[in-house]
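It should be emphasised that the depicted structure is a prediction, and the values quoted were computed from it without experimental measurement.
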Number of protein chains: 2
Amino acid sequence: MESDIKKTAALFKALGDENRIRILHLLSGGEKCACKLLEALSVTQPTLSHHMKILCDSGIVKGRKEGKWMHYSISQEGVDSARRYLDAMTAVNAAKEEKPCCE
Amino acid sequence: MESDIKKTAALFKALGDENRIRILHLLSGGEKCACKLLEALSVTQPTLSHHMKILCDSGIVKGRKEGKWMHYSISQEGVDSARRYLDAMTAVNAAKEEKPCCE
DNA sequence: ATGACGCATTGACATCCTTCTATGTGATGT
DNA sequence: ACATCACATAGAAGGATGTCAATGCGTCAT
C-alpha cells in the first residue's frame, strides 16, 4: 500500500518531464530505436539514455535489445496501471463521503 | 502544441509526489477542508499549502473558500485531461507505424 | 478594536533532477 | 585482434523541488 504510493509517484514523475513526454509521443507511433529518438529530440545521447532508463524503470516503456540496437515501445500494462490510478482517484465515492469538518 | 507539453508536464509533475498522491486519495472521499488534510498528513501547514497550490495550478484540484476555511476537491476536468493524454499515448496508431530504422 | 484562528507567502536550506562531457561496455565488421 | 558503432555509466554543475520556521493577511468572535 505504501509501496504502491512510491510506485505511483515514480510512474507519474516519469511522465512529468517535457522531454519524456515528447519521447512518449514519438513512441505512440510504434516501436522506435534509440537513434531515431535521438535525432528527434535535441539532447545528447547520454541524456536520452538517462530518460529511457527512467521511463523503463517506471514501467511505462519497455526496451528490446537487438544486436547493438535498442528498441523502445510503450508498455500497455504501464499505461493501464496509470489509468487505473486515475480512475481510483476519479471515483469520488459517495459512500465514503463524510460530513464536512469545519462549519 | 508546445504549451500543451508544458501543461501536461505540470499536470503529471503534480501527480508525481507521494504527499500529493496521499492528498488526492483523501480527496477521492469527497471535498475536504485544509485542516482535515493537515491532520492526516504529518507535514506542516505551509507545506500542505504549497502542495495544494501545485495541485490547484495543475488543474487537478479546485479550491473553494468559505469564510476562513478552504475546501478542496478533485476537479473532474483535470482528471479527464490527464486521462485524455494517457489515451492519446495508448492509441498506438498502426497507421503511423513506420519501418524500423536499424536493421 | 483586539485577539484568535485558518490559511498563504517568504526566505532559507537540503535534496533531487536534468543536462552535459568523458569514459566504459558489448556487439559488428574487417 | 582491432577499429567502429550503439548505447550505458560515472561524475560534475546548475537549476528545480520539498520542507520548515517565521511572518503576513483575511475572517470571526468578543
Roughly, in whole Å, what's the span from CG in B/Leu55 to C1' in D/dT17? 14 Å

Ranking A/Asp17 and A/Gly67 by the position along DNA chain C of their nearest nucleotide, the one closer to 5' is A/Asp17

Cluster overlap A/Leu41 with A/Met70, hydrophobic side-chain contacts below 4.5 Å: yes

Assert yes or no for the condition that the ring centre distance of B/His51 to B/Tyr72 is strictly below 6.0 Å. no

Within this structure, what is the CD1-to-P distance between B/Ile54 and C/dA8, rounded to whole angstrom? 13 Å

DNA chain C contacts made by residues 43-51 of chain B, counting heavy atoms under 4.0 Å: B/Gln45, B/Pro46, B/Ser49

Taking NZ from B/Lys53 and P from D/dG18, how many angstroms apart are they, rounded to a whole number? 13 Å

Could you state the atom-to-atom distance from NZ of A/Lys13 to C1' of C/dC17 in whole Å? 10 Å

Check every strand shown and say whether A/Leu37 touches a base, only sugar-phosphate, or nothing at a heavy-atom separation below 4.0 Å. nothing

Starting from C1' on C/dC7, measure out to NE2 on B/His71 and report it in whole angstrom. 12 Å

First locate atom CD1 of B/Ile5, then atom CZ of A/Arg20, and finally report the distance between them rounded to the nearest 0.5 Å. 13.5 Å

Closest to the side chain of A/Lys68, out of C/dC7, C/dA27, C/dC5, is C/dA27

Assign A/Leu38 to base, sugar-phosphate, or nothing according to its heavy-atom contacts below 4.0 angstrom with the strands shown. nothing

Starting at CG of A/Leu15 and ending at P of C/dC17, how long is that distance when rounded to a whole Å? 15 Å

For a 4.5 angstrom cut-off between non-hydrogen side-chain atoms, does A/Met52 reach A/Leu37? yes

Nearest heavy-atom pair of B/Leu24 and B/Ile74: which atoms, and what distance? O-CD1, 3.7 Å

Phosphate OP1/OP2 of C/dC7 contacted by B/Lys65 side-chain N/O (<4.0 Å): no

Just the rounded figure in Å: distance from P of D/dT27 to CE of B/Met70. 12 Å

In whole angstrom, what separates B/Lys32's NZ from C/dC7's C1'? 19 Å

For the pair A/Lys53 and A/Asp57, find out whether any cationic side-chain nitrogen is under 4.0 Å from an anionic carboxylate oxygen. yes

Run the salt-bridge test on A/Arg64 and A/Glu66 with the 4.0 Å N-O cut-off and return the result as yes or no. yes

